[in-house]
Amino acid sequence: MKIGILETGLVPEELRDEFKSYPNMFETMLGPLDPELTFQTWTVLLDEFPENLNAADAWIVTGSKHGVYENEPWMIRLQSLLRDIVTAQVPVFGVCFGHQILAAALGGKVVKSGNGWGIGVHEYTTGKQAPAWLGNAPEKFKLNAFHQDQVVELPEGATVWASSEFCPYAALLYGETAASIQPHPEFQRPYEEALLKARYALLPEDVHSNATASLDETTDSALFANWMLTFLRGKRAVKAA
């Protein structure tokens, strides 16, 4: 199975030697679950797009420091591609900015939230309409988050499958082949911690201190990796590592 990664943002330059890229984080998260997986990245941020939507068996849209509402040309082109992918029912999963731009592409609205920064380990509650690929999911799960923007108006037909008080539309589903989540299952503690330090000057002191303290909590990234791969494989069972 080939997973195509649509790279919408770059790891801050001062962190790239250690943490490389967001596509690399997804490969590190998903690759050990199935040695037959292959990956290819298209840096859409730099206007590198796949020739067609069937260039991969399934797609991931990464996070980014950019806002969907900036309406840069590459974002408009990406939204068009995402609509085509959804229409063709090729599996696609968006994360953070990917969550937001998928919602925008399908008719939702994204803004810089009045709730402010959502950073550190956040807890989310799975909805009553949790999709089948979650299996026997716990009622609550924890992931690292790093965002200001949020989806505030849902596209028609969207289902909320996870939420929190801070982020009501934290995870969305569109039919059986398009899904997304606001936090970062691919972020492990070392990167979240490094990003917090790199962004110290941009953050209110209380936000920074609370987020740093939250990093002692254990996340469910490993569990989420299985959910995500099950989804991308079209509900097929994930092979043991």
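Judged purely by atom type and a 3.5 angstrom limit, S209 uses its side chain to pair as donor or acceptor with the backbone of D206. Judged by distance alone, the side chain of N115 and the main-chain N or O of F166 form a donor-acceptor pair under 3.5 Å. Side-chain N or O atoms of E192 include one that pairs as donor or acceptor with a backbone N or O of G120 at under 3.5 Å. In this structure a side-chain-to-backbone donor-acceptor pair under 3.5 Å is missing from D34 to L30. No donor-acceptor pair under 3.5 Å is formed between the side chain of W117 and the backbone N or O of Q148. A donor-acceptor distance shorter than 3.5 angstrom exists from the side chain of S221 to the backbone of P185, with no hydrogens or angles considered. The backbone N or O of D84 sits nowhere less than 3.5 Å from a side-chain atom of T87 that would complete a donor-acceptor pair.
Using cut-offs of 30° and 60° on the angle between ring planes, the pair Y191 and F19 is perpendicular. By the 30° and 60° cut-offs, the orientation of the rings of H208 relative to Y200 is perpendicular. Between F224 and F141, the two ring planes are tilted [angle within 30° to 60°].
Hydrophobic clustering of Ile, Leu, Val, Met, Phe, Trp and Tyr side chains at less than 4.5 Å, counting indirect connections, unites V110 with L6. Under the 4.5 Å side-chain contact rule for hydrophobic residues, L154 and W161 do not share a cluster. If you chain together hydrophobic residues whose side chains sit under 4.5 Å apart, V151 and Y174 fall into the same group. There is a path of hydrophobic side-chain contacts, each under 4.5 Å, that joins L33 to F93. Cluster annotation: M29 is not connected to V121 through the hydrophobic network of ILVMFWY side chains, with a link wherever side-chain heavy atoms come within less than 4.5 Å.
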Practice problem: Could you walk me through whether L106 and R83 pass the side chain to side chain contact (heavy atoms under 4.5 Å, CB included) test, one step at a time? | Solution: CA-CA 7 Å; L106 299 177; R83 285 190 291 270; 4.2 Å; yes

Quiz item: Are I3 and E27 close enough, and set up right, to give a side chain to side chain contact (heavy atoms under 4.5 Å, CB included), and what steps lead you there?
Solution: CA-CA 9 Å; I3 296 177; E27 292 184 34; over 6 Å; no

Exercise. Before giving the answer on side chain to side chain contact (heavy atoms under 4.5 Å, CB included), spell out for V61 and V44 the whole-Å C-alpha distance, their side-chain angles and the decisive distance to 0.1 Å.
Key: CA-CA 10 Å; V61 191; V44 294; over 6 Å; no

Quiz item: Hey, mind stepping through T62 and M25 against side chain to side chain contact (heavy atoms under 4.5 Å, CB included) and telling me if it holds?
Solution: CA-CA 10 Å; T62 75; M25 294 180 197; over 6 Å; no

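Rounding to the nearest 0.5 Å places CD of Q100 at 9.5 Å from OG of S180. Rounding to the nearest 0.5 Å gives a distance of 8.5 Å between NZ of K197 and OG1 of T212. Atom CD of Q182 is separated from atom CD of Q150 by 6.5 Å, given to the nearest 0.5 angstrom. For the atom pair CG (L215) and CG (N144), the distance works out to 6.0 Å, reported to the nearest 0.5 Å. The distance from the NE2 atom of H147 to the NE2 atom of H99 is 8.5 Å, given to the nearest 0.5 Å. Rounded to the nearest 0.5 Å, atoms CD (E72) and OG (S64) are 10.0 Å apart.
A pairwise comparison of heavy atoms in I5 and W59 identifies N-CE3, 4.4 Å as the closest pair. For the pair A55 and P50, the tightest heavy-atom approach, listed with the atom from each and the gap, is CB-CB, 4.0 Å. Taking each heavy atom of T41 and E7 in turn, the nearest pair found is CG2-OE1, 3.7 Å. For L134 against W227, the heavy-atom pair with the smallest separation is O-NE1, 3.2 Å. Between P138 and T126, the shortest heavy-atom contact is O-OG1, 3.4 Å.
Partner of L53 under the side chain to side chain contact (heavy atoms under 4.5 Å, CB included) criterion, out of V90, V86, L82, V92: V90 alone.
V11 has its side chain out of reach of L195: every pair of non-hydrogen atoms, C-beta onward, lies at least 4.5 Å apart. Annotation: side chain of T218 is not in contact with side chain of K142 (no heavy-atom distance under 4.5 Å). Taking 4.5 Å as the limit, every side-chain heavy atom of H184 sits out of range of all side-chain heavy atoms of L143. Side-chain contact check for L102 versus L172: every heavy-atom pair is 4.5 Å or farther apart. At least one side-chain heavy atom of P183 sits less than 4.5 Å from a side-chain heavy atom of Y124. Looking at heavy atoms from C-beta onward, M228 lies in side-chain contact with I60 at the 4.5 angstrom threshold. Residues T8 and H66 form no side-chain contact, since every pair of their non-hydrogen atoms from C-beta on lies 4.5 Å or further apart. Between L78 and F49, some side-chain heavy-atom pair lies under the 4.5 Å cut-off.
Here the two rings, on F187 and F146, have centers that are 6.0 Å apart or farther. Aromatic ring centres of W74 and F97 lie closer together than 6.0 Å.
The environment of E70 atom CD is dense: over 12 non-hydrogen atoms of other residues, nucleotides or ligands sit within 6.0 angstrom. The 12-atom threshold is exceeded at CD of E205, counting heavy atoms of other residues, nucleotides or ligands nearer than 6.0 Å. Counted within 6.0 Å of CD on E14, heavy atoms from surrounding residues, nucleotides or ligands total more than 12; the atom is thus considered enclosed.
Y69 and D149 form a side-chain donor-acceptor contact under 3.5 Å, judged by distance and modelled atom types alone.
Residues meeting the side chain to side chain donor-acceptor pair (under 3.5 Å) test with K65, sequence neighbours left out: none.
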